[in-house]
Amino acid sequence: MLRKNLLTALLAQLSVGLYAQTYITNVTVADVEKQKLVPNQTVIISGELITKIQPAKTKIPTNAVVIDGTGRYLLPGLTDAHIHFFQNGGLYTRPDAINLQNKKPYAKEIELAHQTMEDKLRRYLQNGITSVIDVGATYSFLKQRAIFKDAAYAPAVYMTGPLLTTYEPKVYENLKDEEPFSLVKTVDDGIKMLQQQLTYQPDFIKIWYIAGADGLGVEQSARKNQPIIKAIIDEAHRHNLKVAVHATERITAQLAVESGADFLVHNVDDELVNDAFVQLLKKNKTILCPTLVVSGGYGNTFGQKLIMDDHELRYADPFQLGSLLDLKHLPDTALINRYKHWTNQPEQEARAKATYKISLQNLKKLSDGGVIIATGTDAGNIGTLHATSYLNELMAMRQSGMNNWQIIQASTINGAKVLGKEKEFGSIAAGKKANLILLNGNPLDSLANLTKIYKVINRGVVFDPDTLVAETPVALVQRQLNAYNFRDINAFLEPYADDVELYNFPGQLDTKGKEKMREVYSSMFDKTPGLHCELVNRIVQGNVVIDKERVRFNGKMIEAVAIYQVENNKIRRVYFID
């Protein structure tokens, strides 16, 4: 009898542990559907679901986890409705855009994409993004996503198979399971290739609707290929799969929607759309993802005029971010100068500005006209870094004239609508998934407050955002190198300990303390516009990182070795060998 009572008590304790609730108290809840803030609420989470929302004064069980929401704002987790895991965001990720395979073979880049998928997912969650939609993957990534299906640290991943397209860049041909494109030449091809994807259970289908690559004019090419587009969409719908379409011209977007497209993953940027186009999208309930910043990522990288803010310098993959500056020192100067010259020509700059302006104007017209807008970055493309580029996209949407509530809706409930899952997540309501972000600032005052995350809650599990991505000595060193090259003094000093010591090897103390470093390096950054440090070689041994560097300084090239010692996740000592 005693044994039975002990077992019953043990089971009861286990039950309490398994079903212990989380209470977020005294919090201001963002009702994204009604566009209002509801203060002084208590939100109760049981398991993976929100179970109740009620006024702040409520009795809390003794075994509950309590999070104080006083002065804080609770929002649904964000959705990035347009990313690509097969692309890393750095310089070497799109050899069809710039072919640098003599420096880094594409096979190595793909291998890296697989190796860093978990890191990407952790960075998304760190940035409050609890759902991502990969709009154009490969069979190998469709297989790999299963690893993260139940991982609390990973956003929910929704994914297409390879992009069905009437044009395929040659560099991607014959890559088998790593091929991101399936070349479709006929209606029968389209149906057959879609059916091949079904084995891998994609969440929906993606079409890359490229017009003009066949040598015909854009409209003639688009109309010639429309029967293929429509056949793919019809076949997808027959299998209860939604279809996303890449269409940047008004004619391709129009024909795609007329053919039944559910989701346009780019905005029209070749002409201003008319009222009939707006009504077409609205009538068909087609959702639009504007992806405003991705083109600028290419232009700013190739033109060597990148600007990175403190948020990206701190939270982006530091190695991919650093690679974007490699054009400043790679040896193929003819190729690099050709890209730089073409990108920075006044005519090309004027075209890029005009295209961007059209995109902004079209977004405002479509949003005002009642078309559903979903936020997406096209992250993974050159210069559009996974997770951290999200804020840049939000700021661009704001530039179009959309207000903060509209942008928050686009980033939450509308992302769920892309998938037809708005009853499951995307807003804060009883019965919905507990995918939430608790902010230290009001995002209606500034969208930048969406990065001031106190807690991330994913599938009911509570995370401190800074614990999601492991800090490593080599990442710290790379971050300070990136900030050095961008001459950003605050981001440069962030990885250093307050009492850091800089030595001339072997032991002559040169500088002590972060504030002294600020004085010395601020002056250097201000007076040396051409400053650039190339990493020649790197050795990592435990908490020590040894970099061989080549620094361009006031027209001179200086080679040196820097030995970084890391303690308590900060750079504590540096030894310089000239």
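- Judged purely by atom type and a 3.5 angstrom limit, N414 has no side-chain atom pairing as donor or acceptor with the backbone of K417.
- Between the S221 side chain and the G212 main chain, a donor and an acceptor come within less than 3.5 Å of each other.
- Taking the ring centroids of Y484 and F525, they lie under the 6.0 Å cut-off.
- Relative orientation of the Y106 and Y172 rings is perpendicular, given thresholds of 30° and 60° on the angle between their planes.
- Using a 30° and 60° split on the angle between ring planes, H84 and F86 fall in the perpendicular class, above 60°.
- Between F141 and F85, the angle of the ring planes stays under 30°, which puts this pair in the parallel group of the 30/60° scheme.
- Listed by first and then second residue, the side chain to side chain donor-acceptor pair (under 3.5 Å) pairs involving residues 249-269 are Q226-S259, H237-D262, H246-H266, E249-T252, R250-Q254, R250-E271, Q254-E258, H266-T291, H266-D378 (not counting sequence neighbours).
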**Prompt:** Could you go step by step and tell me if Y390 and L78 meet the side chain to side chain contact (heavy atoms under 4.5 Å, CB included) rule?
**Reply:** CA-CA 10 Å; Y390 199 83; L78 308 172; 3.8 Å; yes

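- A salt bridge links E219 to R223: at least one charged side-chain nitrogen sits closer than 4.0 Å to a carboxylate oxygen.
- In summary, K353 and E349 do not engage in a salt bridge, as defined by a charged side-chain N under 4.0 Å from a carboxylate O.
- Atom NZ of K305 has more than 12 neighbouring heavy atoms from other residues, nucleotides or ligands inside a 6.0 Å radius.
- Side chain of T528 to backbone of G530: no donor-acceptor contact under 3.5 angstrom is found.
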